[in-house]
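Structure first, commentary second.
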Amino acid sequence: MAFEHISVLKNEVLENLTFNTSAPARLIDGTLGGGGHSFALLEKYPHLELLGIDRDENALDAASERLKVFGSRFTAVKGCYSELAALAAEHGWNEVDGVLLDIGVSSPQIDTAERGFSWRENGPLDMRMDQTSPLTAARLLNRTSEEELGKIFRNYGELKFWRKLAAAVVARREEAPFAETSDLVKLCDDVLGKARKGELPRPTLVFQALRIAVNDELGELERGLNAAHDILKTGGRLAVISFHSLEDRIVKNFMRDAAKDCVCPPGLPVCCCNHRATLKLVTRHALTAAKSELEQNRRSAPAKLRVAEKC
């Protein structure tokens, strides 16, 4: 399957991740994907250089093909965006004018059954963004303790019946190991039942929780935000697109705290933290998809963009 992905909130990114059109600038796209955002930014800013990072080989290959028209202005790098500062330093970039992070799973990853990200099509229980990683969803389900599984379902899926599901996973794997997505979907149906009208299908949050755990997505996000903050030059901007409340909460809190002059606990009569704001909020509230975009791409519905500037 070709790596075809529609980038969300592209107009909003172009409006808020801005550069001088007549001066050289450097941007890191830490989650390159299909290269849609990067293409639009390189096209708009003729003096922009871009370092594109992704841990998915298929994404890197597709983006490199798409962006080769920009020649030496674009460089593709395999790796995790949490390591963006180290990866940039390897290319002689010690500070940059912008960082873009589009967190989440791309459409080609979801729509390719062999990747195991979606419960709607049967395939191996994989869910790895980096297919060289040893930890698959099947391995996690078959080897993780009941207690740890419960934490994954509770913390990453925010499931109400996380204890019940964790116990059922352990009981089921004693009969036969989990291997395919259909194995887990059947268990969800048996244990959690069918969703009521207006609710998400039960397997949706279970698959989300496993995917986050397999790829350490929230840890990656926290490390990536800190790395992006540190490599930005004064006046440089950080733009982050998230797709669910767990991610958005981390981004919102990170930017809010970095934009404060004091982070002492409430009630202290005198500030003793000596914290000073290092970011200025460009977007006071998260930007979401316009009606026109929603009509063309329903997967843009949960996307939220937040932007901050280094000060």
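Both backbone and side-chain heavy atoms feed into the values below; hydrogens, waters and symmetry mates do not.
Here the side chains of Phe39 and Val69 are in contact, with some heavy-atom distance below 4.5 Å. Counting heavy atoms from C-beta on, the side chains of His91 and Val77 come closer than 4.5 Å. Leu140 is listed as a side-chain neighbour of Val214, based on a closest heavy-atom distance under 4.5 Å. Looking at Thr112 and Arg115, their side chains come closer than 4.5 Å, going by heavy atoms from C-beta outward.
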Subject >> side-chain hydrogen bond (donor to acceptor under 3.5 Å, both in side chains) assessment of Ser38 paired with Asp29 >> reply: CA-CA 7 Å; Ser38 291; Asp29 185 342; 2.7 Å; yes

**OP:** Kindly indicate, with the supporting measurements, whether the criterion side-chain hydrogen bond (donor to acceptor under 3.5 Å, both in side chains) is fulfilled by Gln109 and Asp56.
**Re:** CA-CA 9 Å; Gln109 290 170 330; Asp56 189 322; 2.8 Å; yes

**OP:** Begin with the C-alpha distance, continue with both residues' side-chain angles, and end with the deciding distance and a verdict on side-chain contact (heavy atoms from CB on, under 4.5 Å) for Arg202 and Val185.
**Re:** CA-CA 9 Å; Arg202 300 298 191 207; Val185 171; over 6 Å; no

Subject >> Derivation and outcome, salt bridge (charged side-chain N to carboxylate O under 4.0 Å, His left out), residues Arg128 and Asp130 >> reply: CA-CA 5 Å; Arg128 294 172 298 173; Asp130 180 354; over 6 Å; no

**OP:** Just do the side-chain contact (heavy atoms from CB on, under 4.5 Å) check on Ile212 and Leu246 with the steps written out, would you?
**Re:** CA-CA 10 Å; Ile212 290 173; Leu246 296 174; 4.2 Å; yes

Subject >> side-chain contact (heavy atoms from CB on, under 4.5 Å) between Gln208 and His244, intermediate numbers included >> reply: CA-CA 10 Å; Gln208 171 187 293; His244 57 74; 4.0 Å; yes

**OP:** Would you sort out whether Arg299 and Val8 count as a side-chain contact (heavy atoms from CB on, under 4.5 Å), showing the intermediate values?
**Re:** CA-CA 8 Å; Arg299 287 178 175 169; Val8 302; 5.7 Å; no

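Side-chain atoms of Asp97 never come within 3.5 Å of backbone atoms of Gly236 as a donor-acceptor pair (strictly under, hydrogens ignored). At distances below 3.5 Å, at least one donor-acceptor pair connects side-chain atoms of Arg172 with backbone N or O atoms of Ala176. One N or O on the side chain of Lys310 and one on the backbone of Leu232 form a donor-acceptor pair closer than 3.5 Å. With Asp54 contributing its side chain and Gly33 its backbone, the two residues share a donor-acceptor pair below 3.5 Å. Although no hydrogens or angles enter the test, the distance criterion places no donor-acceptor pair under 3.5 Å between the side chain of Glu49 and the main chain of Phe74. In this structure, the side chain of Glu220 engages the main chain of Tyr81 through a donor-acceptor pair within 3.5 Å. Side chain of Arg173 to backbone of Leu141: a donor-acceptor contact under 3.5 angstrom is found. A side-chain donor-acceptor contact under 3.5 Å links Asn142 to the backbone of Phe178. Checked by atom type and distance alone, the side chain of Thr283 pairs as donor or acceptor with a backbone atom of Val307 at under 3.5 Å. Using modelled atom types, no side-chain atom of Thr204 and backbone atom of Leu200 make a donor-acceptor pair closer than 3.5 Å.
You'll find the ring centres of Phe161 and Phe153 outside the 6.0 Å limit.
From Asn16, atom CG reaches atom CD of Glu12 across 8.0 Å, with rounding to the nearest 0.5 Å. Of the inter-residue distances, the one linking Leu287 atom CG with Asn11 atom CG reads 11.5 Å to the nearest 0.5 angstrom. To the nearest 0.5 Å, atoms OH (Tyr45) and CG (Leu17) are separated by 7.5 Å. One distance of note links CG of Leu100 with CG of Leu41; it measures 7.0 Å at 0.5 Å rounding. Rounded to the nearest 0.5 Å, atoms CG (Leu50) and CD1 (Ile53) are 9.5 Å apart. Rounded to the nearest 0.5 angstrom, Arg139 CZ and Leu125 CG are separated by 14.0 Å.
The environment of Glu121 atom CD is sparse: at most 12 non-hydrogen atoms of other residues, nucleotides or ligands sit within 6.0 angstrom. Atom CZ of Arg154 is surrounded by more than 12 heavy atoms from other residues, nucleotides or ligands within 6.0 Å. Atom CZ of Arg73 has more than 12 heavy atoms from other residues, nucleotides or ligands within 6.0 Å. The local environment of NZ in Lys78 is crowded, with over 12 non-hydrogen atoms from other residues, nucleotides or ligands closer than 6.0 Å. Heavy-atom neighbours of Lys44 NZ from other residues, nucleotides or ligands within 6.0 Å: above the threshold of 12. For Lys233, the NZ atom counts as densely surrounded, since its 6.0 Å shell holds more than 12 non-hydrogen atoms of other residues, nucleotides or ligands. Around atom NZ of Lys260, more than 12 heavy atoms belonging to other residues, nucleotides or ligands sit under 6.0 Å away. Within a 6.0 Å sphere centred on CZ of Arg298, other residues, nucleotides and ligands contribute 12 heavy atoms or fewer.
For the residue pair His47 and Thr21, no side-chain donor N or O sits within less than 3.5 Å of a side-chain acceptor on the partner. Side chain to side chain, Asn253 and Arg256 meet the donor-acceptor criterion of an N or O pair below 3.5 Å. At a cut-off of 3.5 Å, with distance as the only test, a side-chain donor of Thr181 or Asn122 sits close to an acceptor on the other residue.
Residues Val13 and Leu294 do not share a hydrophobic cluster, clusters being chains of Ile/Leu/Val/Met/Phe/Trp/Tyr side chains in contact below 4.5 Å.
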